[in-house]
There are 4 protein chains.
Amino acid sequence: MWFRIDPRSEVPLYQQLVDQVREGVARGWLRPGDRLPSVRELAVRLALNHNTVAKAYQELEREGLIETLRGRGTFVAARRRRPASHEDYAWVESQIRQLLVAAYHLGIGPEELVDIVRRVAAGWRETEGGSS
Amino acid sequence: MWFRIDPRSEVPLYQQLVDQVREGVARGWLRPGDRLPSVRELAVRLALNHNTVAKAYQELEREGLIETLRGRGTFVAARRRRPASHEDYAWVESQIRQLLVAAYHLGIGPEELVDIVRRVAAGWRETEGGSS
Amino acid sequence: MWFRIDPRSEVPLYQQLVDQVREGVARGWLRPGDRLPSVRELAVRLALNHNTVAKAYQELEREGLIETLRGRGTFVAARRRRPASHEDYAWVESQIRQLLVAAYHLGIGPEELVDIVRRVAAGWRETEGGSS
Amino acid sequence: MWFRIDPRSEVPLYQQLVDQVREGVARGWLRPGDRLPSVRELAVRLALNHNTVAKAYQELEREGLIETLRGRGTFVAARRRRPASHEDYAWVESQIRQLLVAAYHLGIGPEELVDIVRRVAAGWRETEGGSS
DNA sequence: GTGGTCTAGACCACG
DNA sequence: GTGGTCTAGACCACA
């Protein structure tokens with residue numbers, strides 16, 4: 001499978017796992033009903049402690065992205081469609097503003113950033129059918 | 001001045017300071033040559049430890065955003081124009097991808113995200129002349 | 001029959017069975033002498049492991065709610081009337097206290113909770129003749 | 001302070017802590033702004049591992065009941081008033097139904113249970129000014 | 001076999 | 001000092 005962990009990253013190991021599952025679900029690489037590797041199997045494969053993997057899975061379950069079926073394993077949950085709230089939009093906009101600042105200091109201005117976003121989003125859309 | 005610290009945030013206090021200076025410079029609220037408050041003054045005003053403010057200033061100086069003139073104070077540095085490297089672009093794109101994933105899980109699809117980015121960037125451009 | 005199993009629930013599968021029989025008996029849906037489905041039959045019907053159903057039946061038999069007549073099947077037992085002990089009352093009160101806490105954090109205060117309990121208990125009484 | 005852990009209980013240790021803080025907040029024994037013992041201090045006091053205490057605190061923070069101020073410690077958060085949703089009421093009612101069943105099997109009928117609830121809720125109200 | 005819990009002991013960033 | 005993360009290794013309930 002496609003999990004990759006970078007032990008040198010400052011991002012916590014369990015968070016890297018969470019992020020990758022989130023991306024997998026968002027991009028359609030992981031479909032509802034797909035089985036995730038067992039906690040211990042994945043721990044061995046990635047040379048992590050099983051507790052680290054378990055922490056990631058628990059976080060994902062809390063978010064409703066995955067479900068565990070008692071004794072049978074862990075599976076990708078059906079997507080729950082919840083309309084984005086006003087708070088959600090505010091959060092996304094603040095993230096964008098942060099990104100504009102960071103890009104500026106790298107020498108990338110707002111117009112160029114919009115172009116890059118458009119291009120990256122287009123690449124995303126080719127993979128999945130869009131979801132807004 | 002306009003510094004605001006949220007001790008409840010999960011973002012480190014010194015990082016919040018760094019972020020705000022970075023945004024101030026990027027948006028033109030802070031111009032080269034502007035004087036920043038002294039470490040002690042800012043620490044008192046924001047009810048922070050001196051070390052916390054000092055750490056923020058050190059980080060900003062390391063990035064070349066501010067300069068300390070011995071005995072005279074701390075000032076916003078002249079902007080060093082450096083073309084964005086290939087790595088810089090790769091980093092920005094990865095950030096965008098992360099944002100697409102996060103937005104997706106909030107119920108905001110790629111097309112809608114591009115619209116929001118365009119709108120936020122437009123608001124930004126009204127304040128500053130852009131730099132791409 | 002009316003058994004419903006939710007494999008996603010955090011309640012163990014065997015426990016869900018036990019709970020439903022307990023409710024059935026308490027509400028009068030299951031009367032003394034009524035025959036329960038065999039372990040194998042119920043396992044097939046609910047897509048459970050035999051052992052899971054067997055464990056539930058064992059637990060119910062241990063509680064005296066059902067009786068197994070060798071070779072004839074499993075039946076709802078006659079209700080044994082035993083006065084509630086001091087310990088029983090203490091347990092019930094602790095459960096109520098827990099419920100008061102949980103309700104509080106959902107924004108439901110003690111007075112309102114009492115009202116809800118009264119209403120739910122009234123609905124219950126319509127089904128069965130009460131037993132206190 | 002008033003934390004008590006029962007290592008023999010089948011309730012997980014961290015869950016016992018969570019429950020006690022929840023009750024403390026609900027009953028007004030813990031007021032917004034009150035400082036909780038540090039993770040390690042409480043771990044020593046209760047003869048638990050610090051990870052166990054940390055897990056409890058993290059769960060409570062996720063629920064918004066407590067807040068951690070970077071490097072300063074953990075504090076009871078201001079109560080966020082959120083109106084109970086339809087789902088919340090459904091959950092409470094299901095809990096009540098379960099309690100009615102359990103009480104029945106102990107020989108305590110619905111009318112008597114209502115009386116007990118009324119009495120326990122009254123005792124609660126004497127401690128705190130009510131909140132519905 | 002599965003996930004959930006717990007301990008012991010370690011290292012780190014933050015203030 | 002604070003909390004956050006991680007490992008190693010153990011035990012348990014569940015299916």
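Lettering of chains follows the sequences in order, A, B, ..., and the numbering in each one begins at 1.
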Any residue of residues 16-24 of chain C with a heavy atom less than 4.0 Å from an atom of DNA chain E: none
C:Glu61 side chain vs C:Thr68 backbone, donor-acceptor pair below 3.5 Å: yes
Side chains of C:Val53 and C:Leu46 in contact at under 4.5 Å (non-hydrogen atoms): no
Protein-nucleotide distance (D:Glu67, atom CD; F:dT2, atom C1'), rounded to Å: 16 Å
Separation of atom CD in C:Glu10 from atom P in F:dA15, rounded to whole Å: 13 Å
Expected output: side-chain D:Asp88 to main-chain D:Ser85 donor-acceptor under 3.5 Å: yes
Under the 3.5 Å Watson-Crick or G-U criterion, the dot-bracket string of DNA chain E, with | for inter-strand pairs: ||||||||||||||.
Residue D:Arg72 excluded, over 12 heavy atoms near CZ under 6.0 Å: no
D:Thr74 side-chain N/O to F:dG3 phosphate OP1/OP2 under 4.0 Å: yes
Spacing of A:Glu41 atom CD relative to E:dT2 atom P, expressed in whole Å: 7 Å
Euclidean distance, atom CD1 of residue C:Ile5 to atom P of F:dC14 [Å, nearest integer]: 14 Å
Residue pairs involving residues 2-17 of chain B (criterion salt bridge (charged side-chain N to carboxylate O under 4.0 Å, His left out); sequence neighbours excluded): B:Arg8-D:Glu67
A:Tyr57 side chain near A:Pro37 side chain, heavy-atom distance below 4.5 Å: yes
Phosphate contact (F:dT2 OP1 or OP2) by D:Ser38 side-chain N/O below 4.0 Å: yes
Interatomic distance where CZ belongs to A:Arg8 and C1' belongs to F:dT5 [whole Å]: 17 Å
Among E:dT5, F:dT5, E:dT7, the one nearest D:Gln58 by side-chain distance: F:dT5
Heavy-atom donor-acceptor pair, A:Glu59 side chain to A:Val18 backbone, under 3.5 Å: no
Footprint string (nucleotides 9-15 of chain E, 5' to 3'): B base within contact, S backbone only, - free, heavy atoms under 4.0 Å: BBB--SS
Rounded interatomic separation in angstrom, taking CZ from A:Phe75 and P from F:dA15: 14 Å
Sub-4.5 Å side-chain heavy-atom contact between A:Glu23 and A:Trp29: yes
Heavy-atom side-chain proximity of B:Leu42 to B:Leu48 below 4.5 angstrom: no
With B:Ser94 via side chain to side chain donor-acceptor pair (under 3.5 Å) - residues at least two apart: none
Between P of F:dG1 and CG of D:Leu42, the distance in whole Å: 17 Å
Spacing of D:Arg35 atom CZ relative to F:dT2 atom C1', expressed in whole Å: 8 Å
Of A:Glu61 and D:Ala47, the one whose closest DNA chain E nucleotide lies more 5': A:Glu61
Side chain to side chain contact (heavy atoms under 4.5 Å, CB included) involving D:His50 - partner list, sequence neighbours excluded: D:Val39, D:Arg40, D:Ala43
Heavy-atom closest contact (A:Arg70 atom, C:Ser9 atom, distance): CD-O, 3.9 Å
